[in-house]
Amino acid sequence: MTSTIPHTTCLGFPRIGRRRELKRALERYWRGEDDADALLATARELRQRHWRLASAAGLDSVPVNDFSLYDHVLDTAVLFDAVPERYRELQRRDPLAGYFAMARGGDGLHALEMTKWFDTNYHYLVPELHAGQRFRLAGDKPLAEWREAAALGLDARPVLLGPVSFLKLAKTTDGSDPLALLDALLPAYLELLARLAEAGVGWVQLDEPCLVLDLDDATRHAYALAYAALAIGPSPRRLLAAYFGALDDNLALAAGLPVDGLHVDLARAPEQLEAVLDALPADRVLSAGAIDGRNIWRSRPARVLALLQKARDRLGAGRLWLAPSCSLLHVPLDAAQETGLPAELQGWLAFAVQKLEEQQLYARALAGDAAASQALDAQAARLEARASAPGVRRDEVRARLDALSPQAALRRSAYAHRRAVQAEALPLPPLPTTTIGSFPQTEALRRARADHRAGRLDDAAYEQVLADEIRHVLRQQEAAGLDVLVHGEPERNDMVEYFGEQLDGFAFTRHGWVQSYGSRCVKPPLIWGDVARPAPMTVRWSRYAQSLTGKPVKGMLTGPVTVLQWSFVRDDLPRETVCRQLALALRDEVHDLEAAGIRVIQIDEPALREGLPLRRAQQARYLDWAVQCFRISAGGVADATQIHTHMCYSEFNAIIDAVAALDADVISIESSRSRMELLDAFERYRYPGGIGPGVYDIHSPRVPDRGEIAALLRKALAVLDPGQLWVNPDCGLKTRGWAEVSPALAAMVAAARELRAELAPAG
Ligand code: GLN
Ligand code: ZN
């Protein structure tokens, strides 16, 4: 056995900061309270703090340029000057303002489209390209960050999004193939690599997560071409990083590319190790991603060690690197901050810092360090004890699931019949207007919640604040002339946390924030035990809201798939079993809402699509159980009860059958940013139910006017039946202010009325 220790590193680190310092700094800058220098100083401080943290945890080298003020895909576009014309003028005057306009709109400009980063809850900005697009190296961020780290005495490795993944993740405005731009793009990459080499950079990391997707021949060819080209000029050594799954049929391609090292995901795809070892040329380093960068549980030493030993035995420690499976961007920073959790549970957790510490133990254990092996044995024993800890297994939950009949997933009648019953029970005008649920979470609301949590505001006073807010939200909606109202969700900090807090089997961290997009973070709950609902969760406020108005008020629930998807899920049960447990809990809630007189119930499933496995071969199975779980939640209500669902994305084609199979009465979907692209799916697929393609981009502070909303509605009416079109924003309004929301809703209602008037003569 060799006594050398493998090189340890990570592919990327959380950016937002221990106490979300980056979020605060961004928001101060956007509000004009801080200037650019202050923002950039905070960013630098965070980067440096994180590098030090990573190197204190034992990393031999740290990634740089994984940091971003908003998004690393946007950074890549800006770095290579792929800036759409409309931002250029602003960008010239004020690069930072131009950057943020691309990210979030403003200055009268639409933002770039935003979409999910693979199957994570991180969102990236979609580069907007066109045929004939020119690229050039237009910045030095990777090198500047490398210099910063080098000045601290750190061995640093710039992280770049690789050219093929960059193009694959981009879109073109003219329908041309982004990959056709490869030849134009490569010189810019080459120039960057040359500059890095010249500065003395030893390794560069090229992220090519698209290598774990189903690839067509053109893309494979692009990979071969791109990496052959990048191997020609002067360059640091190149680590090619593939993560979020198995390389599978792309293994030979990836292993054959002329690079110096290959990172593979052995957390999601441990079974690929053998084949990877067989395929890897003898002069390559293997970076083994055995520690899961996507969950927050301590790893199982026996499993991880078996993988790493095998790799070490085949390669020798000199050719083996250890790095968590993917960037740690997708986990919170430090579990040591979670002193509020039961000690036992805390002992099961590994956030970014703990993952790096674990990794160090594995590296040392591999080299024969007895103390490290002992520490890992202790970890194994703690995880063993977890199986029998109280609450991990609830017999009544397991029994109810076992006894569940297939009937539970059915509505009483088919949609056509329900539609007629609902038209009678719930008279609405054509093109009914509604919103997605949340209304502005004002400073006052946030303060009240914080005061309540801290014990400065008692229950009665807090509830009074909520009641007043609900009354206000209802009056505003009535004034705006909306048809189906909502209570505004003022009691909810977060659409998953709110439910998790009331369910058994969940736990909450205090600082477990994960970046969702830009300054937006989520704090996913931990599902550690069997899920049960001890009492109704939403009935009280929905009933109260309904008591204040004659118009229907929608009950608002977060669906089982979304709760699952936006939580950190236990790793000792199949995900679909956990999802079924959630579905049963929500089913009880749906029935209680109905019994309380709520006639419209929306079960949000914004995460349905992001749970989709990246590989086609695994998708049908997932969709099957995901749809089943939604239907268990909604099943059994009266025909007159109208079930809505909501999804926040527009790439619909892949899952249109599954969306139809949800058998919801009305669906609302994001679409304003993509200018109703989603309608393509409905053109080919005759969906019978109500559809509300969002007509107003709530991600942007820009207020839409009646004319543009009416134009979008006309576009929708070209494809949809007037009887099925609903009018609503893209998503909830909680991140917006009233100053934007009031005029936007007024414009939306005015546009709906304009279209109704046009439709009227036709009947
Ligand atoms: N009802 C939620 C809201 O309006 C839905 C949010 C979402 O889909 N992400 O906030
Ligand atoms: Zn949404």
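In this text the structure is predicted, and so the values were computed from the model without any measurement. We count residues from 1, following the sequence as given. Order of appearance sets the numbers: ligands from 1, and atoms from 1 within every ligand.
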Check V486, N728, L733 against I436 for a side-chain contact (heavy atoms from CB on, under 4.5 Å) and give me the one that passes.
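Among V486, N728, L733, the one meeting side-chain contact (heavy atoms from CB on, under 4.5 Å) with I436 is N728.
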
Is the W528 to F506 ring centre distance short of 6.0 Å?
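For W528 and F506, the ring centres are not under 6.0 Å apart.
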
R533 and E589 ion-paired at < 4.0 Å
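Salt bridge flag = yes for E589 with R533.
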
Can you see whether K554 engages T434 through a side-chain donor-acceptor pair at a distance of less than 3.5 angstrom?
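Side-chain D/A pair, K554 to T434: present.
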
Identify, chain by chain and in numerical order, each protein residue with a heavy atom under 4.0 Å from an atom of ligand 1.
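Close residues (ligand 1, cut-off 4.0 Å): I436, G437, S438, E489, M495, M556, D604, P606, H646, C648, C731, G732.
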
Counting N and O atoms only, with roles assigned by atom type, does the side chain of S700 sit under 3.5 Å from a partner on the main chain of G105, one being a donor and the other an acceptor?
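Side chain of S700 to backbone of G105, a donor-acceptor pair under 3.5 Å: no, none is there.
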
In terms of relative ring orientation, are W30 and Y70 parallel, tilted or perpendicular, with 30° and 60° separating the classes?
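Aromatic pair W30/Y70 classed tilted.
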
